[in-house]
Novice: 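Below you'll find the structure I mean.
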Amino acid sequence: LKMLKDGNRKNNSIRTMVSVVKSFTHWAVALGYYPADFTENVKLPAPEYHVADRMTHDEAKVLMSMAAPRYSHNALRNKAMLELALVTASRVSALCALRRNDIDLDAKTVTLRHTKRNKELVMPLTDHLTEQLEQYIKYVRPAELTDDDYLFVGERKDKDGNWRPLTRQAVSVITKLYTKEACGRALSPHKLRHTSASIQIDAGLSIEDISKNLGHSSVATTQRYAQKLNDGARRKATVAVFENL
């Protein structure tokens, strides 16, 4: 840790490197190569958050209202997926793992099951997002798929004749394509999650409510978002921000 810090490594890079060492050591202890985990009490440095990497409120509105960029397959699926990511602040792994029966169009909710700590998180859907998902399911999602099958699938079957869910890489490519068109910056899916958190903060939601929406185990984690985002200029976002996108 001292060597990395003295070498002016950024905190996020140090976190990654130390995490690798801790994971390897945990594996080695489990298999009996080491008698004890000497990294157990090693604390990771706090992550760095970059506000500029998020979309502004106005940019998020553009993303949700824009037409599909050139060279974009399955536009209705993509727009529904991106709006779902923004409204629910879901991680990309949760998006990829969604099944059709995780969406309740009548109750206007989505159940996120593949969360960081394997918690089941039920999130509300806006009227517009519910309509988007309903249109995608009715007109785009392959009719032969059942409610137990994945919600978001690729454009074609694999060599075995099965519909496969979108991969993390595919979601990343789609997100970067659309965000580049919307705000001039190709952002990762996780940056949409950060954007969602900032919009909720601007809308005046309590830290406790936002923490639950993000699936954080500690409010302290959520407060890291708020420290740099809770400025007066961006607090002009409306309370009903997601409904207005």
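The first residue in the sequence is number 1, and the count goes up from there.
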Novice: Is E83 close to T126 at the side-chain level, that is, under 4.5 Å between some pair of heavy atoms?
Specialist: yes
Novice: Contact between S19 and L44 at the side-chain level, heavy atoms closer than 4.5 Å - yes or no?
Specialist: yes
Novice: Verify side chain to side chain contact (heavy atoms under 4.5 Å, CB included) between V20 and M17, making sure each step is shown before the conclusion.
Specialist: CA-CA 5 Å; V20 170; M17 297 176 187; 5.8 Å; no
Novice: Take L82 and M64, measure what side chain to side chain contact (heavy atoms under 4.5 Å, CB included) needs, and give me the verdict at the end.
Specialist: CA-CA 8 Å; L82 289 174; M64 292 299 98; 4.2 Å; yes
Novice: Quick one: pull up OH in Y136 and CE in M81 and give me the separation to the nearest 0.5 Å.
Specialist: 9.0 Å
Novice: Output yes when a side-chain donor or acceptor of S196 lies under 3.5 Å from a complementary backbone atom of L192, and no otherwise.
Specialist: no
Novice: Any side-chain heavy atom of P142 sitting closer than 4.5 Å to one from V153?
Specialist: yes
Novice: Might you point out which heavy atoms bring L133 and A80 nearest each other, and give the distance in Å?
Specialist: CD2-CB, 4.0 Å
Novice: State whether the number of non-hydrogen atoms from other residues, nucleotides or ligands found under 6.0 Å of K22 atom NZ is greater than 12.
Specialist: yes
Novice: Please tell me if the side chains of L166 and I174 come closer than 4.5 Å, counting only heavy atoms from C-beta onward.
Specialist: yes
Novice: Kindly compute the distance separating CZ (R113) from CG (D102), expressed to the nearest 0.5 Å.
Specialist: 4.5 Å
Novice: What's the separation between atom NZ in K79 and atom CG in L63, rounded to the nearest 0.5 Å?
Specialist: 7.0 Å
Novice: Given R77, which partner from the list E155, Q135, Q132, R141 fulfils the side-chain contact (heavy atoms from CB on, under 4.5 Å) test?
Specialist: E155
Novice: When rounded to the nearest 0.5 angstrom, what is the spacing between CZ in R193 and OG1 in T88?
Specialist: 9.0 Å
Novice: What's the shortest heavy-atom distance between T175 and L187, and which atoms?
Specialist: CG2-O, 3.4 Å
Novice: For R54, is there any backbone N or O sitting under 3.5 Å from a side-chain donor or acceptor partner on R185?
Specialist: yes
Novice: Keeping R100 on the side-chain end and I103 on the backbone end, is there a donor-acceptor pair under 3.5 Å?
Specialist: yes
Novice: Sub-3.5 Å donor-acceptor pair from the side chain of T109 to the main-chain atoms of V122, do we have one?
Specialist: no
Novice: Do D148 and N101 make a side-chain contact, defined as non-hydrogen atoms from C-beta onward lying under 4.5 Å apart?
Specialist: yes
Novice: Is there a side-chain contact between L151 and I137 in this structure, where contact means two heavy atoms from C-beta onward sitting under 4.5 Å apart?
Specialist: yes
Novice: What's the verdict on side chain to side chain contact (heavy atoms under 4.5 Å, CB included) for Y178 and M66, showing C-alpha distance, side-chain angles and the deciding distance?
Specialist: CA-CA 9 Å; Y178 277 70; M66 62 181 271; 4.2 Å; yes
Novice: Would F152 and V171 count as a side chain to side chain contact (heavy atoms under 4.5 Å, CB included) here? Give the steps.
Specialist: CA-CA 10 Å; F152 297 119; V171 174; over 6 Å; no
Novice: Are K5 and K2 side-chain neighbours, meaning at least one heavy-atom pair lies under 4.5 Å?
Specialist: no
Novice: Under the side chain to side chain contact (heavy atoms under 4.5 Å, CB included) rule, collect the residues that match up with Y34, sequence neighbours excluded.
Specialist: F24, T25, A28, V29, F38
Novice: V173, L84: one ILVMFWY side-chain cluster at the under-4.5 Å cut-off?
Specialist: no
Novice: How many angstroms lie between CG in D158 and CZ in R164, if you round to the nearest 0.5 Å?
Specialist: 4.5 Å
Novice: Find out whether T179 and K191 are in side-chain contact, i.e. whether some heavy atom of one side chain is under 4.5 Å from a heavy atom of the other.
Specialist: no
Novice: Rounded to the nearest 0.5 Å, what's the gap from CE on M55 to NZ on K61? Could you check?
Specialist: 12.5 Å
Novice: Among side-chain atoms of D149 and T146, is any donor-acceptor pair under 3.5 angstrom?
Specialist: yes
Novice: List in chain and number order the residues that pass side-chain hydrogen bond (donor to acceptor under 3.5 Å, both in side chains) with D37, two or more places apart in sequence or in another chain; answer none if no residue qualifies.
Specialist: T39
Novice: Is the charged tip of R99 near the ring of Y150: under 6.0 Å from the six-membered ring centre and within 45° of its axis?
Specialist: yes
